[in-house]
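Here is the structure we will look at.
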Amino acid sequence: MDVVHGLNPQQQQAVTAPDGAVLVLAGPGSGKTRVLTHRIAYLIQHQGVAPWRIMAVTFTNKAAREMTDRVAGLLGGRPDGLTLGTFHACCARILRREAEHLDRTSSYVIYDTDDQESLVRRALKKLNLDDKKYPPRQMLQRIDRYKNELIKPDTVQPGSYLEEIAARVYEQYEQLLQESNAYDFGDLLMQVVLLLDSVPAVMQAYQQRYRHVLVDEFQDTNTAQYALVKRLAAEHGNLFVVGDEDQSIYLFRGADWRNVRRFRDDFPECQTILLEQNYRSTQIILDAAQAVIQRNPHRTHKRLFTERQGGGQITVEEAHNEDEEAQMVVDTIRRLAHSNEARPGDVAIMYRINAQSRRIEEALMRSGMPYRLVGALRFYGRREVKDVIAFLHLVQNPADSVSLLRVINVPSRGIGARTIASLENWAAALNRSPGDALTHMTDGSDVGAGRFPGSNTAHVALSRFAALLAGWVARSEILPVADLMDVILEESGYQRHLQDGTTEGQERWENVQELRRVAAEFPDLNLTDFLEQVSLVSDVDKLTDEVNAPTLLTLHAAKGLEFPIVFIVGLEDGILPHRHSWEEPDQMWEERRLFYVGITRAKSRLFLFHCFRRSLWGSTEYTQPSRFLEDIPPALIVGRSPGVGIDRPSRTDWSWSRSGGVLPEPAELSRSDRAVQRSAAGAIYMTGQRVRHPQFGEGIVIESQPADGDSVVTVAFSGLGLKRLMGSMAKLETLPDSR
DNA sequence: AAGGCCCTTCTTTTT
DNA sequence: GAAGGGCCTT
């Protein structure tokens, strides 16, 4: 098969680009994956590059799998030795292969966010720091950021007292991690970069091997990831990256769309190719998407176009509350199905936060319509699933202290806080991890100077668990993973513990069985490989399109997918854009990109819903339609939504809709309120003006600048330092000049 | 050591 | 509104 046939000129140019650095900026639905897979096939088939000299990295397993399949399809078989996988999976493999150069063995375990948090808690305890004053999650966020930025504990440059603390916690955390023979997600990337930098022979080996390095979703790379691919491609200089700045939505994970600009700076002679033809959506949907995204600064302008002219207009509707919103979604799906416009399986319902899914699920259940839910309480995040995986991790790597502490007393076997403390002290005295110390209870080294110092009861309880563990470790060599699970579930008493006669217990047991089924499905994976698989997969990966049912998912989870019909619900200020994004312009831009991603998932029809009032976390609040809705040209919209679309006064004019003298209806009241709250949009403040912010308190305006229809205000708050705020969102109250 | 009760804490989450 | 953590009692 000709790998160039059927491509448009820009795609062709990208696929056949000569050696060197190539930057492909690909709009949504422009055939990004197509370009990547054809490029790989082209290199192998037309340029004679050996598959093992090519590395292609993606972010998700799903993307990796799809690319593998498509490359295989193009070449009529899976190429031998091609490195194609997620960043994390590729790095995990390198760390196992190169373990001899590292301070962890090749049977290391991978810690997820939960594991990381409990490690931070332990680090805080060891340092005698109050976890009220230094919330573990915040500490962890900083640690993650350091790792994403390739900053080691000893290279942290603390800019504040809090950062100084964070650096100390980071150092302690690293010790615990090393002692547990574990890496966290951030390490997988950072440790590989550090390894390359510290062992020249390893660096050379990989650089010489990979003649071509290709990167998918480049806009989502963080500093460590960019550093990694730059090093790998340094020898041959063939770095081919594909991305879309407008779809960068993982800032909070360290993704930095600025890497696109860095790439251009680092490779000034790079070839830049724009993919602007969209093969997915109607022109109306594209126009709306572009109108929304164009208000973001610092982006490479693209003019998306499609040959799919026409198509239905975008529907914008206001519901009274989230129940009515959910019902309207269900009714609309019904209507579309009835008129044969779409099958329920063509539909996706997207929302900003998982908490929004419940009302929709309830409405769907009421109407007897099945649905597919992505994410929510992630399968691998469930307590019982994590418990069983912790048992397995412990068997694979008894040094794993997070897993040990998680399950050592589950179900209760008389090992309480005091016993654990004496185990930890003993381990520290022996200079071992608690798990290693425990293992030595059964092999006779628990005598003389190394004798366990705690009470006899504690010793007995610990020995019993140590014996159990030793038995599992012995059998892990011979039993397939599924059988090993059966043994552990039985002997640990975990099965009886779950099957306590309640429905909830039964549900939990079924989840455990689901995990067992996954293990049974891959009988030739050994324990280490199985656990690596489990650590590096997510729920979206399991999404199949066999069932004819609507899909419920967050906007984040929707990236990379497409659906004929898309509903986005909860388009209200506070939800999308989310409250927590209001203060930082950077985050506000990201919210906009998130909306853009949602819109561009739609092939034929787009439905946008917002509520007049919404209850979230118990309390009910009146809402304002999302500010992003205003940016969609009215001509593209139909529907009955106040202030949005045709025949309606624009929102900024709402002040005059107030009824004179008559007590206003609730709706009217809220509209005039909205107008008042909006009055600060684009407001410019005098330097030196005193202001009050609802959260930050009083401060002084340092700078105030217009920014497309809005303003960015820099305020110095006492004790908090400088904050950059959006004029329209900050709800700043001006204060009279005192003194 | 274990179980119950109150309190806080809530985004998004490719790996 | 729900779930996990911390504190208290048994």
Side-chain angles (χ1 to χ4, degrees), chain A residues 57-65 85-92 110-114 116-118 121 131-132 135-138 141 144 147-148 183-189 216-217 219-222 224-225 247-255 350-356 358-359 374-378 380-383 409-421 455 457-458 461 504 532-541 543 553-561 570 574-582 587 590-591 593-595 597-598 615-620:
Chain A
V57 280
T58 64
F59 276 83
T60 65
N61 294 298
K62 193 168 177 289
R65 206 175 315 126
T86 65
F87 270 103
H88 290 85
C90 292
C91 288
I110 300 168
Y111 278 173
D112 70 9
T113 313
D114 282 356
Q116 287 182 279
E117 201 182 310
S118 68
R121 280 178 199 285
D131 61 2
K132 288 259 162 38
R137 295 183 114 203
Q138 265 180 46
Q141 224 178 333
D144 271 339
K147 295 198 174 190
N148 289 337
Y183 288 122
D184 59 26
F185 284 136
D187 272 333
L188 296 179
L189 308 164
D216 187 21
E217 305 276 17
Q219 78 284 351
D220 281 334
T221 51
N222 59 34
Q225 285 159 330
Q247 293 187 63
S248 174
I249 54 172
Y250 285 101
L251 185 84
F252 68 96
R253 271 235 159 276
M350 303 174 186
Y351 34 81
R352 178 66 176 81
I353 56 178
N354 277 312
Q356 288 173 260
R358 220 190 73 220
R359 300 309 182 96
V374 180
L377 219 192
R378 298 168 57 241
Y380 289 105
R382 288 175 191 278
R383 192 170 68 214
N409 201 32
V410 179
S412 312
R413 40 177 84 85
I415 302 174
R418 287 181 76 98
T419 305
I420 289 173
S455 72
T457 348
E504 199 196 335
E532 181 174 308
Q533 279 279 311
V534 164
S535 296
L536 299 178
V537 298
S538 69
D539 288 359
V540 199
D541 297 329
L543 199 60
L553 74 181
T554 62
L555 289 163
H556 282 90
K559 193 165 100 173
L561 306 176
I575 303 282
L576 184 71
H578 195 278
R579 286 209 160 65
H580 291 277
S581 322
W582 286 5
Q587 291 187 31
E590 177 139 320
E591 295 289 306
R593 292 194 290 266
L594 200 47
F595 186 36
V597 167
S615 39
L616 196 59
W617 298 318
S619 64
T620 301

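Since the structure is predicted, the reported quantities are computational estimates derived from the model, not experimental observations.
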Exercise. Apply side-chain contact (heavy atoms from CB on, under 4.5 Å) to A:Ser455 and list each qualifying residue two or more places apart in sequence or on a separate chain.
Key: A:Thr457, A:Ala458
Self-check item: Those residues that, when tested against A:Ser535, pass side-chain contact (heavy atoms from CB on, under 4.5 Å) (two or more places apart)
Solution: A:Ile110, A:His393
Take atom [atom1] of [X] and atom [atom2] of [N], then tell me their distance rounded to the nearest Å.
| X | N | atom1 | atom2 | value |
| --- | --- | --- | --- | --- |
| A:Ile110 | B:dT15 | CD1 | C1' | 9 Å |
| A:Gln533 | B:dT15 | CD | P | 11 Å |
| A:Asp144 | B:dT15 | CG | C1' | 11 Å |
| A:His578 | B:dT12 | NE2 | P | 7 Å |
| A:Asn148 | B:dT13 | CG | C1' | 13 Å |
| A:Arg253 | B:dT14 | CZ | P | 7 Å |
| A:Phe595 | B:dT11 | CZ | P | 22 Å |
| A:Gln138 | B:dC10 | CD | P | 9 Å |

Can you find a side chain N or O atom of [X] that sits less than 4.0 Å from OP1 or OP2 on [N]?
| X | N | value |
| --- | --- | --- |
| A:Thr554 | B:dT13 | yes |
| A:Asn354 | B:dC10 | no |
| A:Asn61 | B:dT15 | yes |

Exercise. For A:Arg579, answer base if it contacts any base atom (sugar-phosphate contacts may also be present), sugar-phosphate if it contacts only those atoms, and nothing otherwise; contact means non-hydrogen atoms under 4.0 Å.
Key: nothing
Quiz item: Within the structure shown, what part of the strands sits under 4.0 Å from A:Arg593 by heavy-atom distance: base, sugar-phosphate, or nothing?
Solution: nothing
Set of salt bridge (Lys or Arg N to Asp or Glu O under 4.0 Å) partners for [X], sequence neighbours left out:
| X | answer |
| --- | --- |
| A:Arg358 | A:Glu362 |
| A:Glu217 | A:Lys32, A:Lys559 |
| A:Asp144 | none |
| A:Arg121 | A:Glu117, A:Asp131 |

Quiz item: In chain order, what residues pass the ring pair (Phe, Tyr, Trp, His ring centres under 6.0 Å) check against A:Phe87, with sequence neighbours excluded?
Solution: A:Phe59
Are there any protein N/O atoms within less than 3.5 Å of an N/O atom in nucleotides 2-8 of chain B, and if so, which ones and at what distance?
{"unit_1": "B:dA2", "atom_1": "OP1", "unit_2": "A:Gly414", "atom_2": "N", "d": "3.1"}
{"unit_1": "B:dA2", "atom_1": "OP2", "unit_2": "A:Asn409", "atom_2": "ND2", "d": "2.9"}

Quiz item: With centres under 5.5 Å and planes under 30° as the test, does A:Phe252 stack with B:dT12?
Solution: yes
Self-check item: Where protein sits on nucleotides 1-9 of chain C, one letter per nucleotide: B base, S sugar-phosphate only, - none, heavy atoms under 4.0 Å
Solution: B--S-S---
